[in-house]
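Reading through the structure tokens given below for one structure.
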Protein chains: 2
Amino acid sequence: MAKPSEPKRKKRNGGTTTSRMRDVARKAGVSVMTVSRALNDPDKVSKEMRLKVRAVVDEIGYVPNRLARSLSSNRSNLLGLIVPSIRNSLFAETIKGISDVASGNGYRLMIADSGPGLHEEEEAITAFLQQRVAGLVLHNTSHTANAIEMIGKAGIPVVENGNLTSTPLDSVVSYSNYEAARAMTLHLARMGYKQIAFVSLVRRENDRARERLRGYLAALKELGRKPDDALILERPPGFSAGAEAVMHLVESVPQVDAIFFAGDVLAVGAALECQRRGWKVPGRVALASFDDLDILRHVNPPLTTIRLPRYEIGRRSAECLLDRIAGRATERVSLDLKFEIIQRESA
Amino acid sequence: MAKPSEPKRKKRNGGTTTSRMRDVARKAGVSVMTVSRALNDPDKVSKEMRLKVRAVVDEIGYVPNRLARSLSSNRSNLLGLIVPSIRNSLFAETIKGISDVASGNGYRLMIADSGPGLHEEEEAITAFLQQRVAGLVLHNTSHTANAIEMIGKAGIPVVENGNLTSTPLDSVVSYSNYEAARAMTLHLARMGYKQIAFVSLVRRENDRARERLRGYLAALKELGRKPDDALILERPPGFSAGAEAVMHLVESVPQVDAIFFAGDVLAVGAALECQRRGWKVPGRVALASFDDLDILRHVNPPLTTIRLPRYEIGRRSAECLLDRIAGRATERVSLDLKFEIIQRESA
DNA sequence: TTGTAGGCGTTATCAC
DNA sequence: GTGATAACGCCTACAA
């Protein structure tokens with residue numbers, strides 16, 4: 001009797017045919033399982049076997065199929081990351097941190113840009129769950145009800161890292177936007193500034209900006225000062241908006257003596273605008289920023305700001321995720337990576 | 001005789017059990033194929049079927065498994081992108097372009113940061129091929145022999161987009177670094193500058209930087225000028241390096257009257273340094289940059305530079321890839337998206 | 001329009 | 001240490 005014949009391959013791949021483990025096995029004269037073990041668990045096969053398999057793999061240029069592996073083992077090596085804007089260089093640091101840890105551990109990173117909207121975040125989450133990512137990093141700390149439910153059902157670990165929220169989905173690795181903004185406001189007050197303005201990105205659908213405003217208001221309250229609506233602005237991202245904001249404030253509220261730009265590159269735009277107009281900083285108006293973009297050190301005068309451990313946040317987020325995935329950790333983590341006020345010459 | 005009994009699921013997923021198409025099928029009282037069709041090819045089932053299936057899907061929160069789909073259909077919805085530095089905001093624009101097109105067409109983006117090294121790029125390529133990406137976007141235009149061979153064997157479309165190379169692996173969507181640098185050098189000469197210095201990133205393992213130098217040298221030759229080694233520098237990325245370079249040049253070659261910074265944010269660092277020292281730009285020395293970073297418009301004076309269609313490059317790269325994947329296009333593409341000299345006040 | 005059979009390339013499991 | 005077998009969840013091909 002003939003052995004059950006080899007099933008023919010279903011289709012061709014446009015001429016090129018990718019080799020399978022079976023091809024390696026046949027050529028090496030061993031079983032498929034031995035090849036699998038030689039590749040993934042070398043200690044479980046004899047040295048001689050290992051070498052033989054390796055040789056064949058190299059010879060025919062076999063590239064393992066992770067889709068099949070993941071499907072069979074029910075374990076993927078994919079991490080999903082969703083950021084509000086991939087363009088924003090602030091996130092780039094964090095992405096790099098995640099990417100380094102991921103690739104260092106054999107994981108691959110899928111990145112989605114959700115824009116500011118919660119609904120688009122949900123779509124990205126759906127897509128990632130379909131790919132069966134092993135874990136998820138979200139920058140947002142607010143999500144649609146649907147997104148929350150889906151993540152819960154999927155049973156995968158999640159790290160949020162845009163804000164040290166007290167109500168995380170799962171784990172958080174971040175810093176407190178509230179505390180940072182509060183600290184900077186108090187710092188400016190301590191430096192003697194009386195009329196401190198606050199400019200952030202548009203707060204709608206941006207929990208970070210809202211938290212920062214909350215911190216600013218809390219500081220004012222502690223200082224016994226009344227918030228002044230004319231001193232609280234929101235602007236789109238970009239240098240121009242910062243430039244425009246400083247002009248607007250100095251002209252419409254002449255007594256303003258310090259402006260705290262709580263987001264994006266607004267402060268840089270403002271600083272360059274002051275320079276252009278010959279407004280002394282901090283003589284005419286003091287400037288402070290959020291985040292420690294490299295350029296803040298290089299403008300004239302260097303800008304006082306808040307240093308955030310962006311890379312570290314990425315690194316720790318990924319580590320936290322991998323620990324959970326590998327079962328090395330089972331508990332939720334809430335990690336505050338802190339911030340630091342960098343006093344320079346602009347305030 | 002009993003029907004062959006349902007195979008038990010191989011393992012459990014830590015308590016949570018993800019539902020399968022089979023679960024949907026059973027609950028809807030139809031076959032698995034009907035569910036598959038209702039989801040992926042709705043036109044092929046009756047309206048009533050479609051609704052019934054949808055209802056069950058929503059009810060039990062079924063999330064399709066793309067790993068299984070890809071494995072079975074031999075078609076993945078993954079695109080791989082490899083950039084030298086994810087931190088670099090220049091790439092961010094391109095990434096966004098790719099990301100927009102990809103997600104708009106149901107594709108997901110995997111991003112790897114290869115660093116400057118070719119060998120790391122090869123590793124990333126290997127990893128992506130294992131995930132069975134449907135296509136690849138590479139920023140580099142030079143690769144290890146191994147990488148080239150693997151890509152060839154995989155038979156997937158590739159777009160390179162860091163430089164309009166004449167020897168692409170497959171398709172190219174980019175601009176000519178050579179022509180851009182040449183054009184800027186000629187432009188500076190036309191403006192009357194006699195001693196034009198050239199500063200780029202470190203050229204080893206960076207084909208873009210090498211092409212730019214080639215363009216600069218070609219322009220000098222056309223102008224009948226001899227290149228002067230003292231006027232040709234390479235520097236690491238960053239503002240500080242630009243600041244240092246301008247100081248170095250002005251002091252070591254006092255007759256220099258223009259500096260062409262062909263990379264990164266070097267020109268910005270230089271401009272801010274000149275300002276700090278009170279050197280007139282372009283009075284003492286003219287400055288020109290490469291790439292149209294937003295900030296170039298905002299420093300004082302605004303910097304003359306080269307505008308590159310970064311986002312467009314990403315968009316077109318992805319479109320090109322998808323066309324090939326879908327079989328809408330079969331020919332290699334070589335697309336020159338051009339550049340544009342932006343004359344501002346610094347030169 | 002719907003269903004059945006079998007395969008995609010790998011790993012888990014158990015036998016030898 | 002090595003191999004045979006079934007299963008992972010879905011899709012292709014074909015039959016009804």
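Quick note on labels: first sequence line is chain A, next is B, and so on, each numbered from 1. Remember, it's a predicted structure, so these values are computed and weren't measured experimentally.
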Exercise. Using whole Å, report how far CZ of Arg66(B) lies from C1' of dC8(D).
Key: 17 Å
Practice problem: Take the protein atom CG of Leu71(A) and the nucleotide atom P of dG9(C), then report the distance between them rounded to whole Å. | Solution: 12 Å
Quiz item: Which whole-number value in Å describes the distance from Leu39(A) CG to dT2(D) P?
Solution: 14 Å
Quiz item: Which nucleotide in the set dT10(C), dC11(D), dG3(C) lies at the smallest distance from any side-chain heavy atom of Arg69(A)?
Solution: dT10(C)
Quiz item: Is the shortest side-chain N/O distance from Ser36(A) to OP1 or OP2 of dT10(C) below 4.0 Å?
Solution: no
Exercise. Could you state the atom-to-atom distance from CD of Gln131(A) to P of dC10(D) in whole Å?
Key: 13 Å
Practice problem: Can you tell me the distance, in whole Å, between the CG atom of Asn74(A) and the C1' atom of dT13(C)? | Solution: 16 Å
Quiz item: When you measure from the side chain of Met33(B), which nucleotide among dC10(D), dT2(D), dA5(C) comes out closest?
Solution: dA5(C)
Quiz item: Between Ser72(A) and dT10(C), is there a side-chain N or O to OP1/OP2 distance below 4.0 Å?
Solution: no
Practice problem: First locate atom NE2 of His139(B), then atom OG of Ser317(B), and finally report the distance between them rounded to the nearest 0.5 Å. | Solution: 10.0 Å
Practice problem: Figure out the CZ/P separation between Arg26(B) and dG9(D), and round it to whole Å. | Solution: 12 Å
Quiz item: Taking NZ, NE, NH1 and NH2 as the nitrogens, is one of them in Arg315(B) or Glu312(B) under 4.0 Å from a carboxylate oxygen of the other?
Solution: yes
Practice problem: Establish, with yes or no, whether the OP1 or OP2 oxygen of dT11(C) is under 4.0 angstrom from a side-chain nitrogen or oxygen of Asn40(A). | Solution: yes
Quiz item: Is Lys96(B) atom NZ crowded by more than 12 heavy atoms from other residues, nucleotides or ligands, each under 6.0 Å away?
Solution: yes
Self-check item: Arg75(B) side-chain N/O to dT12(D) phosphate OP1/OP2 under 4.0 Å
Solution: yes
Exercise. Counting heavy atoms from C-beta on, name the nucleotide in dG9(C), dC10(D), dT11(C) closest to the side chain of Tyr62(B).
Key: dC10(D)
Practice problem: Step by step, work out the side-chain contact (heavy atoms from CB on, under 4.5 Å) result for Val333(A) and Val159(A). | Solution: CA-CA 9 Å; Val333(A) 166; Val159(A) 175; over 6 Å; no
Self-check item: Side chain of Val45(B) - closest among dT10(C), dT2(C), dT2(D)
Solution: dT2(C)
Practice problem: Measure from the side-chain heavy atoms of Met21(A) and tell me the nearest of dC10(D), dT10(C), dG3(C). | Solution: dT10(C)
Quiz item: How many Å lie between CZ on Arg22(B) and P on dC10(D), as a whole number?
Solution: 9 Å
Quiz item: What is the nucleic acid contact for Val30(A), judged by heavy atoms within less than 4.0 Å: base, sugar-phosphate only, or nothing?
Solution: sugar-phosphate
Quiz prompt | Thr126(B) vs Val63(A) side-chain heavy atoms within contact, under 4.5 Å | solution = no
Quiz prompt | No-H, no-angle donor-acceptor pair, Arg37(A) side chain to dG3(D) base, under 3.5 Å | solution = yes
Quiz prompt | Verdict with supporting geometry, Asp113(B) and Glu120(B), side-chain contact (heavy atoms from CB on, under 4.5 Å) | solution = CA-CA 9 Å; Asp113(B) 182 320; Glu120(B) 285 173 288; over 6 Å; no
Quiz item: Starting at CZ of Arg20(A) and ending at P of dG7(C), how long is that distance when rounded to a whole Å?
Solution: 12 Å
Practice problem: For dA4(D), take OP1 and OP2 only and decide whether either is under 4.0 Å from a side-chain N or O of Ser31(A). | Solution: no
Self-check item: Short side-chain N/O contact from Ser73(A) to OP1 or OP2 of dT10(C), under 4.0 Å
Solution: no
Self-check item: N/O (side chain, Ser70(B)) to phosphate O (OP1/OP2, dC10(D)) under 4.0 Å
Solution: no
